[in-house]
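Written out below as structure tokens is the structure these notes cover.
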Amino acid sequence: MPRTRTRTARTDQPRLPGLNGNGAGPGDSAFTLNRAEPVHRWVPWIAGFSSSFVDDILDRVPVAEGRVPTVLDPLAGVGTTLVQAMRKGWNAAGFEINPYAALACRAKLRIASYDLPALREAADALASYVAERSEAESAVPRSTPPQGFRSREPFFSPSIERQVLFAMDFIADVPDETTADFLRVALGATMVGYSNYSYEPSLGRRVCAGKEPILEADVGAILRAKLEAMCDDVEQWQASAVAAPEAQVHLESYLADACPVAPNSVDALITSPPYLNNYHYPRNTRPHLYWLGLVAAPKDMKHLEHESFGKFWQTVRAGPEVELEVDDAELHEQIAALRDRHRDRGVYGGHGWANYAATYFNDCDRFCARTAELMRPGGLVVIVIGNNIVQGIEFRTDEILARLAARHGLQCTDIHRVRRKRTGSSIINSSVRVGKAGKRVELYESAVELTQAAVRQAAARVPSRSAA
Ligand SMILES: C[S@@+](CC[C@H](N)C(=O)[O-])C[C@H]1O[C@@H](n2cnc3c(N)ncnc32)[C@H](O)[C@@H]1O
């Protein structure tokens, strides 16, 4: 089996002088910049936007007088776009299939309406409960580790696991679901930090990254500190925020046949889809999903994989040939060339990767069809996406996406290079040299800008997804 490397390297590259931040395009897109920022700091997320990047774009959205604009992030992650839209008092709508990301997103979108004294009281009571119960040697938690969760080594040390289970006991007894969700977000955001796993950047055992296992931690104190910071952010927001707009995240696929967002209703869409680099969001959030009770069994994880934009190489590699359903001669040629690579390696060679690339671009096309349906005429669409190299073949995903979008009536107005990534920092079993001459290819990230050119007479049907 080929070695799988899934670095997105979105997190460690400097802002590019001349390419962004010079008035020509949006600023730095990396989530790292969010880590110290109120609200965005609640949950670390490897593949998120920076809030300043979103602000740069929102500042350019044409706003008709007397109408509150609607901003959509159809692949909302932990909600950077939606939070920034809300900050401006604009309506925010999102889709997110990962229940952990959706939980974090929803908790942020509720920020204007929290009962802050009740949150502070619950936070304090949780921390005290965990501390007191874990000190009482005879105390036994009611909660048990999630049945369906398997890990190569125990996820938590025995002492830490006992504290986590007491935290789960406490949260299960909180009658108000909004408060319980707020506490769950804190537990989810901190849990990998006191586990025997870490992100490097995919979830892996600490020992594999040369780190010592964590045997002891004061989970109550960690939760207290996290929740205090979250409550401070709520306080700051409530003291300063503008009128609360409509804000909602749908825990469903943007590519599903039915769509809860009205056609021609979106003023700005800002998003970053999964890249063609096989970064496995469901796998990388397995601990959160299981320990927070958001999934119960491997079949729930399978469902998530199948619903994911582009699915995953592991999901489609072994099936029959996946046909590219889009009318783009250049892309057909590239995928045919990919399918031809390393035929002797079966699904681990070109066939498997071509199935993944075809699935990915079929979903890009569905994404464009749905987006064209929802945007208002003149609305602004910004999609941050990186190129990738699969089995030595470069896919300039930004340019491909722009071509697909044009077929659905979304006109590409610009492609800004927002980030140059480290050479070789991406993709699975791929060389960063392309072609026989060994031409070096730069891995980059672009913001593809599109506008909805005209009023659509009738919304075109978004083609259904095959079950492959
Ligand atoms: C690159 S992340 C977006 C990060 C976001 N911009 C932020 O700042 O938090 C892509 C997200 O798309 C979600 N996703 C994948 N397929 C989806 C689908 N079909 N519908 C909705 N969300 C999906 C993934 O779970 C992941 O959270």
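Both backbone and side-chain heavy atoms feed into the values below; hydrogens, waters and symmetry mates do not. Counting convention: from 1, in listed order, for ligands and their atoms alike. This is a predicted model, so every value here is computed, not measured.
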My understanding is that we take every heavy atom of each candidate and find the minimum distance to atom 5 (C) of ligand 1. Doing that for Ala102, Ser253, Gly310, Ala76, which one comes out nearest?
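Among Ala102, Ser253, Gly310, Ala76, the closest heavy atom to atom 5 (C) of ligand 1 comes from Ala76.
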
Looking at [X], which atoms of ligand 1 are within less than 4.0 Å of one of its heavy atoms?
X      : value
Ser272 : 1 (C), 2 (S), 3 (C), 10 (C)
Asn98  : 25 (O)
Ser308 : 16 (N)
Gly79  : 9 (O)
Thr80  : 7 (C), 8 (O), 9 (O)

Please say whether Val78 places an N or O atom under 3.5 Å from an N or O atom belonging to ligand 1.
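The answer is yes, given that Val78 and ligand 1 share an N or O pair closer than 3.5 Å.
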
Is the shortest N/O to N/O distance between Phe309 and ligand 1 below 3.5 Å?
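For ligand 1, there is an N or O atom that lies under 3.5 Å from one belonging to Phe309.
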
Between Tyr275 and Glu445, do the side chains contain a donor N or O and an acceptor N or O under 3.5 Å apart?
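Short answer, yes.
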
Does a donor on one side chain sit under 3.5 Å from an acceptor on the other, for Asn388 and Arg396?
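Absent: no donor and acceptor within the cut-off.
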
Side-chain heavy-atom pair [X], [Y] within 4.5 angstrom cut-off:
X      : Y      : result
Tyr356 : Arg317 : no
Pro260 : Glu252 : yes
Ile393 : Phe395 : yes

Determine, using heavy atoms of Pro282 and all atoms of ligand 1, whether some pair is separated by less than 4.0 Å.
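So Pro282 does not count as touching ligand 1.
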
Answer yes or no for Pro74: is there a heavy-atom contact with ligand 1 below 4.0 Å?
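The answer is yes, since Pro74 has a heavy atom less than 4.0 Å from ligand 1.
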
Scan for salt bridge (Lys or Arg N to Asp or Glu O under 4.0 Å) pairs involving residues 267-291, sequence neighbours excluded, and state none if there are none.
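For residues 267-291, and leaving out neighbouring residues, the salt bridge (Lys or Arg N to Asp or Glu O under 4.0 Å) pairs sorted by first residue read Arg67-Asp267, Asp267-Arg376.
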
Using the ring of Tyr197 (Phe, Tyr or Trp, six-membered ring only), decide whether Arg205 places NZ or CZ under 6.0 Å from its centre and within 45 degrees of its axis.
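The answer is no; the distance or angle limit is not met.
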
Among all residues two or more places apart in sequence or in another chain, which pass the side-chain contact (heavy atoms from CB on, under 4.5 Å) test with Ala189?
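Per chain and number, Ala189 pairs via side-chain contact (heavy atoms from CB on, under 4.5 Å) with Val43, Pro44, Tyr100, Lys226.
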
Between Tyr281 and ligand 1, which residue portion shows a heavy-atom distance shorter than 4.0 Å: side chain, backbone, both, or neither?
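It is the side chain that gets close, since no backbone atom is under 4.0 Å.
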
